[in-house]
Structure formats: C-alpha cells, structure tokens
2 protein chains.
Amino acid sequence: MAAAKSKPNPIPSVWARPQREPDQPALSRDVIVREAIAMLDAEGIEALSMRKLGARLNAGATSLYRHVATKDELMELALDAVAAEIHVPPSDSPDWRAAVTEAAHSFRATALRHPWLSSVLGQAGLAYLGPNLMAFSERLASLFIAVGFPDPSGAIDAVLSYTIGMSTTEAAWLSTVARSGETEAEFINRLLPAAQQAAADHDHLADSYREAAVRTADPVKLRDDKFAYALEIVLDGLALRLPD
Amino acid sequence: MAAAKSKPNPIPSVWARPQREPDQPALSRDVIVREAIAMLDAEGIEALSMRKLGARLNAGATSLYRHVATKDELMELALDAVAAEIHVPPSDSPDWRAAVTEAAHSFRATALRHPWLSSVLGQAGLAYLGPNLMAFSERLASLFIAVGFPDPSGAIDAVLSYTIGMSTTEAAWLSTVARSGETEAEFINRLLPAAQQAAADHDHLADSYREAAVRTADPVKLRDDKFAYALEIVLDGLALRLPD
DNA sequence: TTGCGATGCGAACACTGTACGCACAGCGGA
DNA sequence: TCCGCTGTGCGTACAGTGTTCGCATCGCAA
C-alpha cells in the first residue's frame with residue numbers, strides 16, 4: 001500500500017492525499033539538464049521530448065518549464081554543459097603542436113560522445129555563449145596568443161573550423177549508423193554495394209569505395225587516423241605563420 | 001464565379017464539381033523539392049511543414065506522400081538538389097590553389113544562400129549520397145588527384161572539413177540573425193554589451209570583443225576576409241605535401 | 001465500355017511544445 | 001495561530017506536427 005505516487009486523486013480526503021514523497025532530489029535546472037543529456041546520449045536527438053524527460057524525472061512535462069524557459073533554451077544549456085568536457089592545455093605548454101592537437105582531439109572526442117551536439121551546433125551555432133563555451137574560447141585564445149601567432153583569431157578559425165567540420169560530419173555518420181542498429185562495420189558492408197553501383201560512372205569515387213571495402217576491419221581507427229592526418233596538414237599551415 | 005478552388009463540396013451535382021483546374025503543372029517530385037527549397041530559403045527550416053508546403057502547391061498535405069516517402073527523404077532530396085549549385089573547377093586548371101579556393105568559396109556561398117543546409121548536414125551528414133553530391137565529390141577528387149597530392153583523400157578532408165566547419169558556423173549565425181529580424185550590424189550592436197559583460201573576466205575574449213565593436217561597419221566583408229584568410233592557412237599546409 | 005493503376009485528399013491517430021490556472025508547501029510577519 | 005505571499009508542481013487544453021488509411025477520381029490500355 002505504499003505506492004499511488006502521482007495518480008489523479010479526486011477524493012477530497014486528507015488521508016488519501018499523495019503526501020509528495022521526495023523520491024527525486026527535487027527538480028532543478030541542473031538535474032533537468034543532466035538528465036536531458038543522458039537521454040540525448042542514449043536515444044538520440046529526436047527521441048527527446050519534454051514529456052519523456054519529465055517522466056524520467058518522475059515529474060509532469062510542464063513542471064520543467066519552471067526551471068527552463070523553452071526547449072531550445074534547454075538544448076543550449078545542454079550544449080554548454082557538455083562544452084565543459086573539452087580539455088584545452090594551459091597556455092604555457094612547451095610544445096604548441098602537441099597542445100593544439102590535444103585540444104582538437106578533445107573537442108572531437110566530446111562531439112563523438114554526444115553526437116546530437118552537431119545538430120545543435122548546426123541550428124544554434126556559437127552565437128549565444130554560455131560560461132563553459134566562453135571558458136573554452138578563452139583558453140583556446142590564450143593558448144594561441146602565447147604561442148605567438150601574429151593573427152591568433154585567424155589561426156583559431158583554421159584549426160577550430162577544421163575540427164568542427166570533421167567532427168560534425170563524423171557525428172552525423174555515427175548517428176545514422178546508430179539508427180540502423182548495426183555495428184559500423186556491418187552498416188558499411190550493407191551499404192557498400194549500393195554505393196559502388198551508384199558510383200559506377202565516377203572513376204575516382206569508385207576507386208575510393210573499392211579501397212574502403214578492403215579496410216572495414218577497424219573503422220574506428222581508420223577515422224581516428226583520418227582526423228589526425230588532416231589535422232597535421234592544418235598545423236603545418238599554421239607553423240608557417242609562426243615568426244622566426 | 002470562377003473561384004471555389006478546393007472547398008469541400010458536399011453537393012452531388014456534376015455541375016458543381018471542382019473540374020480540377022490545372023493551375024499548377026501538377027504535382028511531381030521535382031516541383032515539390034523545388035518549392036520546399038524556396039520555402040526553406042524564405043522562412044527557415046522550422047517553418048517548413050508538409051501541410052504548409054502542400055498549401056503552397058494548391059494540394060493537400062498528404063498528397064505529397066505519393067511522391068516522397070517521408071519528410072526526411074524530402075530534406076535529403078533538397079540537400080542534393082542544392083548541391084548542384086556548388087561549382088568545382090575542372091581538373092586541368094593551371095593554378096591548383098585558385099581552383100581549390102574557388103571550389104571552397106562556391107561551397108560556402110551555397111551554404112550561406114541556404115542556411116538550413118547546415119542543419120540538414122548536422123543531422124543527415126554525407127552518408128547517403130545523392131547524384132549531385134556524388135558528382136561534387138567526384139569533381140573534387142579528380143581535381144586533387146590531378147594536382148598530384150600523394151594522399152588526395154587526406155587533402156580533401158582538410159580543405160573540405162575546414163570549409164564545412166566555417167560555413168555551417170556562419171550559416172547558423174546568419175540564421176539567428178535572421179530570426180531576430182534585424183540587420184547583422186544591428187544584431188551585433190544589440191548583443192555586444194551583454195557579451196562584453198559576460199566576458200569580463202576572460203581577458204583575451206574581452207579584447208576580441210572590444211576589437212569587434214569597432215568593426216561593425218561591414219560584417220559581410222569581415223566574414224569574407226576571415227574565411228579567405230584561414231583558408232590560405234590550410235592551403236599552405238597542403239602545398240607542403242606537394243611533391244617537388 | 002470496362003477495368004486498372006496512379007494520383008489526390010479528408011479524416012484520423014499519436015505526438016509535439018507550450019500557456020494557463022489551480023493546488024499546495026513553506027515562510028515571514030501580525 | 002492565522003494571514004497572505006511566493007515558488008513549485010501539474011492537469012488540462014490548444015494549436016500544430018508527421019504520417020496512415022481508405023475512398024474518390026482521373027487518364028489510359030484492352
């Protein structure tokens with residue numbers, strides 16, 4: 001007889017009243033954002049609805065609106081919360097290439113851990129900066145300034161845009177793979193025949209697909225290597241801009 | 001008495017029957033996609049609904065499903081249709097830097113002309129390639145191969161990812177500006193005070209905002225220059241990989 | 001003329017984000 | 001002890017969404 005948590009209770013009796021058992025540590029902006037992120041990670045961006053999120057918190061959907069103005073705002077909060085996971089080495093790092101490389105890899109890792117992030121970035125962009133995104137930008141800026149680039153913002157544009165572009169493309173790919181319910185290798189093998197046929201009269205594309213067909217063994221490492229390799233290209237371009 | 005286009009007509013009389021005036025060249029996948037793109041360009045991605053699109057075509061919402069399996073598929077078709085606008089110079093271009101630069105600028109211009117594109121890219125990615133996207137990839141590949149890069153796919157990754165990252169970020173920014181109903185300069189000036197206050201204890205960010213406050217005169221040119229500058233960095237990195 | 005496959009569409013379903021207003025908890029002051 | 005106030009939860013409702021289903025109607029082939 002312990003239950004009867006939140007059923008509608010038309011009987012005006014004090015004894016039947018729900019008594020509001022504090023099963024959750026109450027509702028707050030923080031737990032809402034945290035649980036939203038958990039849901040986004042687990043089920044993807046289109047699976048998140050205010051009602052489902054409320055249910056997960058043992059609350060009604062509209063209760064969330066006491067702590068969050070709108071769903072878009074919630075997404076911005078989630079974006080900023082996740083931005084805290086990106087690690088940027090301190091500006092006095094001895095090896096600037098290693099430092100920038102680590103920052104880029106950390107960004108990518110975060111984007112792949114939360115593939116919905118690329119969708120949010122595509123819509124909201126980096127216009128409204130939350131505290132964590134600001135801190136990220138600041139650390140990145142101080143790193144590039146400390147290195148001594150003559151035009152730090154241009155340098156940041158190059159490496160950050162490359163990182164964003166590569167990461168969001170990968171994240172979108174991983175999302176489609178996840179929606180299929182297969183492993184990445186399975187998904188590739190199922191898609192390759194169609195892709196090869198579609199690329200029949202595109203010589204170079206057909207070549208690259210043929211090549212890809214061979215290396216389906218470890219797609220994760222392949223993506224890692226691709227990212228690292230092209231990042232080196234960008235860093236080489238940066239190095240040329242460095243004085244002396 | 002010419003009107004009475006598509007009102008419900010309960011009278012079972014031959015003379016009152018609508019007669020199906022062919023005001024539109026009928027419904028077809030092509031006109032649906034074309035009109036969807038027009039709507040996306042004019043009112044943004046969240047303003048497009050199947051019902052509104054149907055209404056624009058003097059058709060019911062559900063009629064569209066005879067030509068398009070789902071809204072997601074429609075978005076993929078729109079993405080591919082728009083990809084046809086990207087211009088990639090022929091592979092026998094004398095100046096490879098100029099050729100790649102033109103391709104990148106054309107990509108960016110297309111992305112900025114259709115800002116919803118960045119949202120679609122963030123969700124669908126480049127996984128399922130339509131014919132136009134395939135042709136784009138093929139032309140890009142043949143260009144890089146003709147130049148003689150030892151690892152063309154790595155080179156493509158570098159410049160294309162940079163271009164995608166920069167363009168989608170800009171497009172997202174332009175979308176937020178458009179939603180505000182203001183010009184870009186107005187929007188910046190309205191936002192700057194808040195941004196500067198929020199960046200109070202981030203020295204380098206505060207600096208860059210102070211700098212930005214001065215140059216609100218021609219934001220378009222400023223973005224153009226930023227894109228071109230960081231692209232040069234990437235191209236410099238590429239040039240190092242070129243034999244002899 | 002008959003039949004058939006393709007096309008349009010109204011109604012309906014299961015959802016969505018969110019506004020509104022009521023119910024109640026805790027609390028500071030009378 | 002009672003009052004009112006403020007902050008929180010939530011049931012209901014509204015306008016809208018993507019999509020399915022089955023029926024009506026069309027042009028065309030037999």
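The chains referred to below are lettered A, B, ... by the order of the sequence lines, with proteins before strands, and numbering in each begins at 1.
- Shown here are the salt bridge (Lys or Arg N to Asp or Glu O under 4.0 Å) partners of A:E186, two or more places apart in sequence or in another chain: there are none.
- Applying the side chain to side chain donor-acceptor pair (under 3.5 Å) criterion to B:E184, with sequence neighbours excluded, gives B:W173, B:R223.
- Rounded to a whole Å, the CG atom of A:L53 is 12 Å from the P atom of C:dT18.
- Here the side chain of B:D80 pairs a donor or acceptor atom with the backbone of B:L133 at under 3.5 angstrom.
- Near DNA chain D, defined here as any heavy-atom distance below 4.0 Å, the residues from residues 38-51 of chain A are A:R51, listed numerically.
- For the segment residues 60-67 of chain B, the set of residues with a heavy atom within less than 4.0 Å of an atom of DNA chain D comprises B:T62, B:Y65, B:R66, in numerical order.
- The overall bend of the helix from C:dT1-D:dA30 to C:dA30-D:dT1, read as the angle between its terminal helix axes built from five base pairs each, is 20° when rounded to 10 degrees.
- Under the rule for a salt bridge (Lys or Arg N to Asp or Glu O under 4.0 Å), A:E43 has no partner lying at least two apart in sequence or in another chain.
- The interatomic distance linking B:E73 (CD) with D:dT19 (C1') rounds to 14 Å, in whole Å.
- In this structure, CZ in B:R190 is found 4.0 Å from CD in B:E182, a value given to the nearest 0.5 Å.
- Nearest heavy-atom pair, A:H67 versus A:I32, reported as atom, atom and distance to 0.1 Å: CB-CD1, 3.8 Å.
- At whole-Å resolution of the value, CG in A:L27 and C1' in C:dA25 are 15 Å apart.
- Between atom CG of residue B:L48 and atom CG of residue B:D41 there is a gap of 11.0 Å, rounded to the nearest 0.5 Å.
- One interatomic measurement links the two molecules: CG of A:N58 to C1' of D:dT8, which rounds to 16 Å at whole-angstrom precision.
- Between the NZ atom of A:K71 and the C1' atom of C:dA19 there is a distance of 18 Å, given to the nearest Å.
- For the pair A:E76 and A:K71, the salt-bridge criterion is not met [side-chain N within less than 4.0 Å of a carboxylate O].
- Contact annotation: A:T70 side-chain N/O to C:dG17 OP1/OP2 distance is not under 4.0 Å.
- Salt bridge absent: A:E35 and A:K52 never bring a charged side-chain N and a carboxylate O closer than 4.0 Å.
- A side-chain donor-acceptor contact under 3.5 Å links B:Y162 to the backbone of B:F227.
- Look at A:K52 and you won't find any side-chain N or O under 4.0 angstrom from OP1 or OP2 of C:dC15.
- Checked by atom type and distance alone, the side chain of A:S118 pairs as donor or acceptor with a backbone atom of B:G122 at under 3.5 Å.
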